[in-house]
Number of protein chains: 2
Amino acid sequence: MANNKNNILNLFGDRVRQARVEKKLSQEDLANLADLHRTYIGMVERAERNITLINMNKIAQALDLKLIDLLKNDT
Amino acid sequence: MANNKNNILNLFGDRVRQARVEKKLSQEDLANLADLHRTYIGMVERAERNITLINMNKIAQALDLKLIDLLKNDT
DNA sequence: ATGTGACTTCCAGTCCGTC
DNA sequence: AGACGGACTGGAAGTCACA
């Protein structure tokens, strides 16, 4: 029963956090790079926001990644 | 001519249209499958709306695809 | 450095049409 | 069947104070 509800939000949020920590950035650092607010990054990582495509792309670019890389289940 | 990053909307929209036509679905068919509004599908394909992650996923599932497949430049 | 509730603004998303 | 417009509602965007 693969619930494909908003697990996609968790997947994306987890990926962002993972990539951010790997690059040793704080949420605030990433927020500045992506031109988004500090608290917003936190909310996205916690899957509390249903993020739009443009902001997803901003975050991906700030992390120097392709958007696809933030949506893969399995590397 | 560096394209702005919002080309991601065009990429996604084009991909959706391509996949939809391949499967011989009308916009209305896809809208019903994805539980979204008919006019909205058209807007997304024309890159007129900044779609949210959950709806992107809904459309991908309605097309029997992974979300990643709708974001690839290159098949 | 991050989590959270509250808040306003504005656009994602719907619904009625017409061409 | 699809593009497009006008009007509307709900919710995402964006921010803040404080824990």
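All values below come from the heavy atoms of this structure, side chains included, with hydrogens, waters and symmetry mates left out. Proteins come first, then strands; the chains are lettered A, B, ... in the order of their sequence lines, and each starts at number 1.
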Nearest-0.5 Å distance, CD1 of residue B/I54 to CZ of residue A/F12: 12.5 Å

Rounded interatomic separation in angstrom, taking CG from B/D35 and P from C/dA12: 19 Å

Can you measure A/R38 atom CZ to C/dG5 atom C1' for me and round it to whole angstrom units? 13 Å

Just how far, in rounded Å, is P of D/dA13 from CG of B/L53? 10 Å

Look at B/N50 and C/dC11 and indicate whether a side-chain polar atom (N or O) is within less than 4.0 Å of OP1 or OP2. no

Between the base of D/dA13 and the side chain of A/R49, is there a donor and acceptor pair under 3.5 angstrom? yes

Are the side chains of A/R20 and A/L63 in contact, using a 4.5 Å heavy-atom criterion? yes

Between B/R17 and B/D14, does at least one N-O distance fall below 4.0 Å, as a salt bridge requires? no

For A/E45, report the nucleic acid contact type (base, sugar-phosphate, nothing); a contact means any heavy atom under 4.0 Å. nothing

Do B/R46 side-chain and D/dG2 base share a donor-acceptor contact under 3.5 Å? no

For atom CD1 of B/I51 and atom P of C/dA12, their distance in whole Å: 10 Å

Ignoring hydrogens and angles, state whether a donor on the side chain of B/N7 or B/N10 is under 3.5 Å from an acceptor on the partner side chain. yes

Starting from C1' on D/dA12, measure out to CE on B/M56 and report it in whole angstrom. 15 Å

